[in-house]
Chemist: 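Please read through the structure below; I'll follow up with questions.
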Amino acid sequence: MNAPLIAPAGAPAAAITQDVLTIPRKLPEGGKTNLVGLTRDQLREALVAAGTPEKQAKMRLGQLWQWVYHWGVRDFSAMTNLAKDYRALLAEHFTIELPEVVTRQISSDGTRKYLVRIAGGHEVEVVYIPEEGRGTLCVSSQVGCTLTCSFCHTGTQKLVRNLTAGEIVGQVMVARDDLGEWPVQGAPKDETRLISNIVLMGMGEPLYNFDNVRNAMKVVMDNEGIALGRRRITLSTSGIVPEIARTAQEIGCLLAVSFHATTDEVRDRLVPVNRKWNIATLLDALRDYPRLTNSERITFEYVMLDGVNDSKEDAHRLVELIRGIPAKINLIPFNEWPGAPYKRSSNNRIHAFADIIHNAGYASPIRTPRGEDIMAACGQLKSATERARKSRAAIAAEAGI
Ligand code: SAH
Ligand code: SF4
């Protein structure tokens, strides 16, 4: 593993590094099951199927789980509290495989973007954003996206496939590897977390890959492993209404919603899935979420697009719409990408918008764009290999401009 590179804060753009990692590509070994991403129940079943006596299954599962998810061990022979022949049995039936890191770019602000390759040669992006006292990992759930939000770079890329639970958990493990975050045996326990939060805000619509996202988050939340609490995970959805209650019941994480407009007419253009589940239907589903999860606020994401959704009237309408929902409004200055049919709102506009919301009693943070120099900012992710791009004309036509 390469030593982590950290560009000094405030370093010039020339400090951006892009190193092609030389981790050899692991070929899937014939007939073996990759155990990364299996839930406890699935792994237990797999262990029994591989010949673990029923009576021992619970204990073996616990031991293996700790090795893989607490210690980050990849080699069965290093699992010293397991008998030698049991280690051999595991190695015969299982692998512990992660996506391959193809490139790692480090922004002048310390943001890291990893391009990882998954089975089939597809690539997705994972972004690590270090902040004062916390670090957030932005994880992808699909290769591309079936939805075509007109301001989103990923939306210009066709859906290639859903990620498996293993590929989602694998993104977290790959980042922990790179950051050197696995605990060291015998060393004093270090409570500082480089990856303290996970956001499902990378490529794809997580609620169109529900089962895999749920299983992956169960693994990541498990107390005897990576152990990130459910309130440290935020799932962002464009508004797949039928899956919102399930998210509350089966994952229980925090929810962010890509709201972005205050009339159906504008939202239809920005987030076309609004034609299926409009603003009123979406808000109904959101009203129940905090009660179902016994959690705090829902984050309303609102991308600031010059002259499209950033007027004072919009701000007032937004406040009216969300009345009664415990909410925080995250204002995202539009991150431009080549060929994008929009411009970022001016700082004055964004601040005037934020003030109206703030005065109505809601937190209205303005998101600082991170990793812009490496195209790692929100909505800029798009894998390098999947070049099935729509033309500029098609993007503009969809945006109704
Ligand atoms: N598909 C999910 C999660 C991924 S997108 C969703 O749509 O919520 C994560 C966030 O980035 C969403 O709020 C999305 O609307 C926003 N986003 C997409 N493109 C953007 C861009 N170019 N600039 C700023 N935010 C963008
Ligand atoms: Fe897909 Fe989200 Fe981008 Fe819309 S904003 S195209 S749902 S990734």
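All values derive from a computational prediction rather than experimental measurement. Note that these values count all heavy atoms, side chains included, but never hydrogens, waters or copies made by symmetry. As the structure lists them, so they are numbered: ligands from 1, and atoms in each ligand from 1.
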Chemist: Do F353 and Y302 pass the ring-ring contact (aromatic ring centres under 6.0 Å, His included) test, and can you show the C-alpha distance, the side-chain angles, and the key distance before you say yes or no?
Modeler: CA-CA 11 Å; F353 199 97; Y302 199 97; 5.0 Å; yes

Chemist: Considering only heavy atoms of C152, which atoms of ligand 1 have at least one such atom less than 4.0 Å away?
Modeler: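 Contacts of ligand 1 toward C152, numbered from 1: 18 (C), 19 (N).
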
Chemist: May I ask you to list the atoms of ligand 1 that are less than 4.0 angstrom from any heavy atom of I332?
Modeler: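 Under 4.0 Å from I332, ligand 1 has these atoms: 24 (C), 25 (N).
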
Chemist: Any atoms of ligand 1 less than 4.0 Å from a non-hydrogen atom of H260? List them with their elements.
Modeler: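 So the atoms of ligand 1 that pass are 13 (O), 14 (C), 15 (O).
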
Chemist: Within ligand 1, which atoms have a heavy atom of W337 less than 4.0 Å away?
Modeler: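 Matching atoms, with element in brackets: 22 (N).
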
Chemist: Under 6.0 Å between the ring centres of F259 and F300?
Modeler: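 Yes; F300 has its ring centre under 6.0 Å from that of F259.
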
Chemist: Which of the listed options, S258, S236, P333, holds the heavy atom that is closest to atom 3 (C) of ligand 1?
Modeler: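 It is S236 that holds the nearest heavy atom.
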
Chemist: Go through D178 and R104 one step at a time and tell me if the salt bridge (Lys or Arg N to Asp or Glu O under 4.0 Å) criterion holds.
Modeler: CA-CA 9 Å; D178 184 51; R104 171 185 63 179; 2.4 Å; yes

Chemist: If you compare all heavy atoms of W65 against all heavy atoms of T39, which two are closest, and at what distance to 0.1 Å?
Modeler: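 For W65 versus T39, the nearest heavy atoms are CZ3-C, 4.0 Å.
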
Chemist: Salt bridge check, R287 against D284: does any charged N sit closer than 4.0 Å to a carboxylate O?
Modeler: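 Yes.
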
Chemist: Using side-chain heavy atoms (C-beta onward) and a distance below 4.5 Å, is T164 in contact with N162?
Modeler: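 In short, these two side chains do not touch, never coming nearer than 4.5 Å.
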
Chemist: Considering only heavy atoms of G204, which atoms of ligand 1 have at least one such atom less than 4.0 Å away?
Modeler: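 In order of number, 1 (N), 2 (C), 3 (C), 4 (C).
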
Chemist: Using a 3.5 Å cut-off on N or O atoms only, is F151 in polar contact with ligand 1?
Modeler: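 Yes - when backbone and side-chain N and O of F151 are compared with those of ligand 1, one distance drops under 3.5 Å.
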
Chemist: Could you pull out the N/O/S protein atoms under 2.8 Å of atom 3 (Fe) of ligand 2, ignoring any water?
Modeler: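 Per the 2.8 Å query on atom 3 (Fe) of ligand 2, atoms found are C152 SG.
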
Chemist: Fit a plane to each ring of W337 and H153, take the angle between them on a 0 to 90° scale, and name the class: parallel (under 30°), tilted (30 to 60°) or perpendicular (over 60°).
Modeler: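 W337 vs H153 ring planes: parallel.
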
Chemist: Should K32 and E97 count as an ion pair when the cut-off is N to O under 4.0 Å?
Modeler: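 Salt bridge flag = no for E97 with K32.
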
Chemist: Can you sort out which atoms of ligand 1 are near G202, meaning under 4.0 Å from one of its heavy atoms?
Modeler: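 Close to G202: 4 (C).
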
Chemist: Tell me the contacting part of E205 for ligand 1: side chain, backbone, both, or neither, using a 4.0 Å heavy-atom threshold, strictly below.
Modeler: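 For E205, backbone and side-chain atoms both sit under 4.0 Å from ligand 1.
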
Chemist: With sequence neighbours excluded, give me every salt bridge (charged side-chain N to carboxylate O under 4.0 Å, His left out) pair touching residues 315-334.
Modeler: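 Only D314-R317, E320-R323 qualify under salt bridge (charged side-chain N to carboxylate O under 4.0 Å, His left out).
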
Chemist: Looking only at N/O atoms, are H153 and ligand 1 under 3.5 Å apart anywhere?
Modeler: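 Such a contact does not occur with ligand 1.
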
Chemist: Before accepting this row, confirm whether a basic side-chain N of the pair R40/E224 lies closer than 4.0 Å to the acidic partner's carboxylate O.
Modeler: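 Yes.
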
Chemist: Hey, which atoms in ligand 1 end up nearer than 4.0 Å to a heavy atom of T237?
Modeler: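 That gives atoms 6 (C), 8 (O) of ligand 1.
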
Chemist: Pick out which of D222, V172, V219, L64 makes a side-chain contact (heavy atoms from CB on, under 4.5 Å) with Y69.
Modeler: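 Only one option passes, and that is V219.
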
Chemist: Taking all non-hydrogen atoms of both residues, which atom of L282 and which atom of V241 are closest, and how far apart?
Modeler: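 Taking every non-hydrogen atom into account, CA-CG2, 3.8 Å.
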
Chemist: Quick one: look at N335 and ligand 1, take heavy-atom pairs under 4.0 Å, and tell me if it's side chain, backbone, both or neither.
Modeler: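 For N335, backbone and side-chain atoms both sit under 4.0 Å from ligand 1.
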
